[in-house]
Enquirer: 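Pasting in a structure now, in structure tokens, and then I'll have a few things to ask.
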Amino acid sequence: MARVAGPTKIGRSILSMAIMLLLALLLVPLPALSAEVRLSAAASMNDAVKELVRSFTKENPDITILPNFASSGSLAKQILQGAPADIYISANQKWLDYLVPKKAIKPQTVHDFAYNALVFVGRDQTRIKTMKDVASLSHIAIGSPRSVPAGQYAAQAMTKAGIYQQMVREHKLVMAKDVSQALIYAERGEVDGAFVYRSDALLGRHATILFNVPAELHERIVYPMGLTLHGAKNNAAQAFFSFLKSHEASKILTNYGFETASVPDPDLQQR
């Protein structure tokens, strides 16, 4: 019977080298895969959120944050209709409360992110100082109360001041799609003034704060946030969500005129 030849010395050497090469490749660390986080945030947080994103991605270049800015109501409806979102930041509690029962937001993650104040802005030549004075103007801009929290706060304030029905009856209200648009109308002089958030007013160039709306005339302006069900499973989203609760994030919010609400994350502060 013929004997089957075993592997030659050269063959064994080649096989050994191949195995060693394979092991070496397995031990080489692979580059981190890039991850995406889709953030739906109230339009009034546009500039602050963009700064927060820059700060976070500077330390986490492998994570891409994709912000989507609109009125809180529009964003909530987009999420319910299946629009991709990992984190939702609303300009009032109403829209978070709207999403949670529909299982669009993980309830354990919901908490206050920041607070704001309502102010009335206009050109320097507009000499008014109180809510009562607003009724003497021809046209003022507010975010549409149906979907824009800033407009809802403005409507509450005017109602308590006893001028809202008069403004509606005399067709003096110009409805804006969001608070940013209301500010633009005032900046261009297309209206006599506008109710906007303090954080937005501080960014204005041609419109100035004419007076602060008394806080007792409207509900507290709170920005709650939460992770969507998809976001709760996204490690990158969880990392950015934790950053939003950090001391660094709080400093950025303060610089943009917000009052911070989140308790700084001690783990992040120690990095």
Side-chain angles (χ1 to χ4, degrees), residues 32-57 60-116 142-153 155 175-182 184 197 199-200 219 221-246 249 253 258 261-262:
L33 296 176
S34 59
E36 290 184 348
V37 178
R38 295 184 179 274
L39 169 67
S40 292
S44 54
M45 297 211 85
N46 190 309
D47 294 278
V49 163
K50 287 180 178 178
E51 183 66 26
L52 289 166
V53 169
R54 283 192 291 269
S55 180
F56 176 78
T57 53
N60 301 272
D62 57 320
I63 298 178
T64 301
I65 310 296
L66 302 172
N68 174 29
F69 299 104
S71 68
S72 299
S74 296
L75 293 173
K77 292 172 183 176
Q78 288 174 18
I79 291 172
L80 275 185
Q81 291 168 1
D86 294 299
I87 300 172
Y88 174 54
I89 302 176
S90 174
N92 69 359
Q93 190 65 42
K94 168 186 172 181
W95 291 107
L96 246 302
D97 292 342
Y98 174 73
L99 290 177
V100 170
K102 299 181 184 298
K103 303 186 184 303
I105 297 290
K106 192 169 183 178
Q108 300 92 324
T109 67
V110 175
H111 71 278
D112 292 350
F113 176 47
Y115 301 108
N116 214 332
I142 66 171
S144 175
R146 291 186 177 182
S147 60
V148 184
Q152 295 166 12
Y153 296 127
M175 300 300 175
K177 67 177 182 179
D178 55 41
V179 69
S180 298
Q181 187 178 69
I184 289 173
Y197 294 125
S199 57
D200 290 281
E219 297 174 358
I221 302 174
V222 59
Y223 288 74
M225 68 176 181
L227 286 167
T228 65
L229 298 188
H230 181 273
K233 301 175 183 177
N234 182 344
N235 291 335
Q238 292 178 33
F240 184 57
F241 196 72
S242 293
F243 169 77
L244 293 177
K245 297 181 285 183
S246 71
L253 287 172
F258 293 92
S262 298

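Here the structure is a predicted model, which is why all the values come from computation and not from measurement.
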Enquirer: Please report the interatomic distance OH(Y98) to OG(S72), rounded to the nearest 0.5 Å.
Expert: 13.5 Å

Enquirer: Minimum heavy-atom separation for Y197 to V179, with atom names?
Expert: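 Between these two residues, the closest heavy atoms are N-CG2, 3.8 Å.
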
Enquirer: Can you spot which of T109, L227, L75 makes a side chain to side chain contact (heavy atoms under 4.5 Å, CB included) with Y88?
Expert: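 It is L75; the other options fail the test.
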
Enquirer: Roughly how far, to the nearest 0.5 Å, is the CG atom of N60 from the OG atom of S55?
Expert: 9.5 Å

Enquirer: Could you check T228 against K106 for side chain to side chain contact (heavy atoms under 4.5 Å, CB included), going step by step and ending with a plain yes or no?
Expert: CA-CA 6 Å; T228 65; K106 192 169 183 178; over 6 Å; no

Enquirer: So, taking the atom named CG in D97 and the one named CD1 in I105, what distance separates them when rounded to the nearest 0.5 Å?
Expert: 11.0 Å

Enquirer: Could you label the plane-to-plane angle of the H111 and F241 rings as parallel, tilted or perpendicular, counting under 30° as parallel and over 60° as perpendicular?
Expert: perpendicular

Enquirer: Looking at residues at least two apart in the chain, or sitting in another chain, which of them share a salt bridge (charged side-chain N to carboxylate O under 4.0 Å, His left out) with E51?
Expert: R54

Enquirer: Can you name the residues that form a side-chain hydrogen bond (donor to acceptor under 3.5 Å, both in side chains) with D178, not counting sequence neighbours?
Expert: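 With neighbours one apart ignored, the set is empty.
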
Enquirer: Heavy-atom count check: over 12 atoms from other residues, nucleotides or ligands less than 6.0 Å from K177 NZ?
Expert: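 At most 12 heavy atoms, drawn from other residues, nucleotides or ligands, come within 6.0 Å of this atom.
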
Enquirer: Rounded to the nearest 0.5 Å, what's the gap from CZ on F113 to CD1 on I87? Could you check?
Expert: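 Nearest 0.5 Å value for the CZ-CD1 distance: 9.5 Å.
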
Enquirer: How close do H230 and D86 get, counting heavy atoms only, and between which atoms?
Expert: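 So the two residues come closest at ND1-OD1, 2.6 Å.
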
Enquirer: Dump the intermediate steps for side chain to side chain contact (heavy atoms under 4.5 Å, CB included) on D112 and Q93, then the final yes or no.
Expert: CA-CA 9 Å; D112 292 350; Q93 190 65 42; 4.1 Å; yes

Enquirer: Is a side-chain donor or acceptor of S90 paired with a backbone partner of L96 at a separation under 3.5 angstrom?
Expert: no

Enquirer: Heavy-atom distance under 4.5 Å between the side chains of I142 and M175, does that happen here?
Expert: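 Touching, per the 4.5 Å side-chain cut-off.
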
Enquirer: Could you tell me which non-hydrogen atom of A42 sits nearest to which non-hydrogen atom of Y223, and how far apart they are?
Expert: CB-CE2, 4.3 Å

Enquirer: Of N116, N46, I221, D47, which is the lone residue that meets side chain to side chain contact (heavy atoms under 4.5 Å, CB included) with S199?
Expert: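 The option that passes is N116.
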
Enquirer: Could you give the distance from OG (S144) to CD (Q181), rounded to the nearest 0.5 Å?
Expert: 10.5 Å

Enquirer: Take N68 and Q78 through the side chain to side chain contact (heavy atoms under 4.5 Å, CB included) test and state the conclusion after the steps.
Expert: CA-CA 11 Å; N68 174 29; Q78 288 174 18; 2.9 Å; yes

Enquirer: Would the distance check show the side chain of Q238 and the main-chain N or O of A232 forming a donor-acceptor pair, the cut-off being under 3.5 Å?
Expert: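 Yes: the side chain of Q238 pairs with the backbone of A232.
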
Enquirer: Considering all heavy atoms of both residues, which atom of A237 and which atom of G231 are nearest to each other, and what is their separation?
Expert: CB-O, 3.6 Å

Enquirer: Look at the aromatic rings of F240 and F243 and report parallel, tilted or perpendicular, splitting at 30° and 60°.
Expert: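 Rings of F240 and F243: parallel, under 30°.
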
Enquirer: If I compare all heavy atoms of S147 with all of W95, which pair ends up nearest, and what's the gap?
Expert: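 Closest pair (atom of S147, atom of W95, distance): O-NE1, 4.0 Å.
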
Enquirer: Using every non-hydrogen atom in the two residues, find where V100 and P107 come nearest and quote the distance to one decimal.
Expert: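 Distance-wise, the nearest heavy atoms are CG1-CB, 3.9 Å.
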
Enquirer: Quick one: CG on L52 to CD1 on I89, what's the gap to the nearest 0.5 Å?
Expert: 7.5 Å

